[in-house]
Amino acid sequence: SRMSTKWIVAVQLAAIALLGTPVQAQKVIVGGKAMSSKKNFIENTVNSSDHTTLIKMVEYSGMVMDLQHKGPFTVLAPVNAAFDRLPEHTSKKLFEPSNKPQLQSVLHYHILPGKYDFKRLAKAIKAGKGEAVIKTLEGTELRFRMNGKRNITVIDVKGTMANISI
């Protein structure tokens with residue numbers, strides 16, 4: 001079903017990178033490549049060897065132009081290893097023409113409206129007395145909590161957690 005596939009993708013995230021438009025931070029290395037604040041999400045992520053599956057999904061979904069020009073937004077970008085943990089039939093289903101709206105929904109689930117770098121998320125968590133709740137473009141609320149001094153954990157509505165690498 002539409003929701004179960006979305007949750008499978010969300011549940012399987014092992015590590016996600018926090019990528020905004022433009023990238024917020026000092027020197028950020030993602031997938032072995034430096035991210036540039038002068039580039040948008042697509043221009044940065046296309047160079048990351050850790051995000052090739054995500055880029056294929058964005059291209060197939062028809063969302064490249066949206067992610068190049070619309071914003072500001074922050075993408076909770078699943079790495080290839082997260083997609084590799086999905087059952088093979090789930091990944092293949094997302095690339096079927098009839099499932100393009102479902103794929104777009106899955107991708108919108110991983111996009112936060114606004115620019116969120118570590119500092120802004122940590123400040124929101126502190127203001128929320130240990131937890132920040134942010135609604136994705138897809139409409140689902142995600143919870144964010146500190147997990148050490150430089151780590152943030154994101155929690156979905158089912159309680160599944162993933163660590164954000166920034």
Side-chain angles (χ1 to χ4, degrees), residues 1-35 37 40-42 44-45 47-55 57-58 61 63 67 71-87 90-91 94 102-166:
S1 79
R2 181 174 178 257
M3 285 298 287
S4 65
T5 302
K6 179 175 66 178
W7 285 116
I8 289 171
V9 172
V11 166
Q12 297 295 329
L13 300 180
I16 51 182
L18 190 66
L19 300 172
T21 181
V23 171
Q24 300 282 313
Q26 316 75 282
K27 187 173 183 179
V28 177
I29 304 295
V30 178
K33 299 289 181 181
M35 301 291 109
S37 63
N40 63 45
F41 170 77
I42 296 296
N44 272 313
T45 311
N47 294 316
S48 168
S49 61
D50 289 341
H51 295 91
T52 56
T53 303
L54 176 64
I55 287 297
M57 288 182 157
V58 168
S61 73
M63 291 175 53
L67 293 174
F73 55 81
T74 303
V75 179
L76 303 173
V79 295
N80 293 338
F83 290 111
D84 291 345
R85 287 191 199 94
L86 290 173
T90 301
S91 293
L94 288 172
Q102 181 180 352
L103 177 58
Q104 290 172 339
S105 179
V106 168
L107 292 170
H108 283 137
Y109 175 83
H110 290 85
I111 301 173
L112 306 177
K115 294 179 186 177
Y116 288 93
D117 59 6
F118 177 84
K119 188 176 178 180
R120 183 167 180 210
L121 273 176
K123 186 176 179 180
I125 292 166
K126 186 176 181 180
K129 297 184 177 22
E131 183 172 277
V133 179
I134 303 169
K135 190 177 281 193
T136 68
L137 288 185
E138 181 269 339
T140 301
E141 289 184 344
L142 297 176
R143 297 175 303 160
F144 296 82
R145 295 181 185 157
M146 295 303 298
N147 182 16
K149 289 183 180 182
R150 285 290 303 168
N151 296 304
I152 294 176
T153 298
V154 59
I155 306 147
D156 68 18
V157 295
K158 290 190 172 190
T160 305
M161 293 186 241
N163 287 315
I164 297 175
S165 59
I166 301 176

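Values below: all heavy atoms of this structure, side chains included; hydrogens, waters and symmetry mates excluded.
In this structure, Glu141 CD and Lys135 NZ are separated by 5.5 Å, a value rounded to the nearest 0.5 Å. Atom CD1 of Ile55 is separated from atom CG of Asn80 by 10.0 Å, given to the nearest 0.5 angstrom. In this structure, CD1 in Ile42 is found 11.0 Å from CG in Asn47, a value given to the nearest 0.5 Å.
Annotation: side chain of Ile134 is in contact with side chain of Leu121 (closest heavy-atom distance under 4.5 Å). For the pair His51/Val79, a side-chain contact is recorded, criterion being any heavy-atom separation below 4.5 Å from C-beta on. Side-chain contact between His110 and Glu138: absent, with no pair of heavy atoms (C-beta onward) separated by less than 4.5 Å. The shortest distance between side-chain heavy atoms of Val154 and Met161 does not fall below 4.5 Å. Considering only heavy atoms from C-beta on, Thr160 stays 4.5 Å or farther from Ile155 through its side chain. Looking only at side-chain heavy atoms (C-beta outward), Thr136 and Ile111 stay at 4.5 Å or farther from each other. Looking at heavy atoms from C-beta onward, Ile164 lies out of side-chain contact with Asn151 at the 4.5 angstrom threshold. Side chains of Phe73 and Leu67 form a contact here, defined as non-hydrogen atoms less than 4.5 Å apart.
Side-chain N or O atoms of Thr74 include one that pairs as donor or acceptor with a backbone N or O of Tyr116 at under 3.5 Å. Here the side chain of Arg120 pairs a donor or acceptor atom with the backbone of Lys115 at under 3.5 angstrom. Side-chain atoms of Gln104 come within 3.5 Å of backbone atoms of Ser61 as a donor-acceptor pair (strictly under, hydrogens ignored).
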Next on the checklist: Using side chain to side chain contact (heavy atoms under 4.5 Å, CB included), reason through Val133 and Leu142 one step at a time and then give a plain yes or no.
Outcome noted: CA-CA 6 Å; Val133 179; Leu142 297 176; over 6 Å; no

Checklist entry - How far apart are the C-alpha atoms of Val58 and Leu107, what are their side-chain angles, what is the distance that settles it, and do they pass the side chain to side chain contact (heavy atoms under 4.5 Å, CB included) test? => result CA-CA 8 Å; Val58 168; Leu107 292 170; 4.2 Å; yes

Checklist entry - Please walk me through it: do Thr140 and Asp156 pass side chain to side chain contact (heavy atoms under 4.5 Å, CB included)? => result CA-CA 8 Å; Thr140 301; Asp156 68 18; 6.0 Å; no

Item to check | Step-by-step side chain to side chain contact (heavy atoms under 4.5 Å, CB included) determination, Ile152 to Phe118 | outcome: CA-CA 8 Å; Ile152 294 176; Phe118 177 84; 3.7 Å; yes

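Of all heavy-atom pairs between Phe83 and Ser91, the closest is O-OG, 4.0 Å. Residues Leu94 and Met57 come closest through the heavy atom pair CD1-CE, 3.6 Å.
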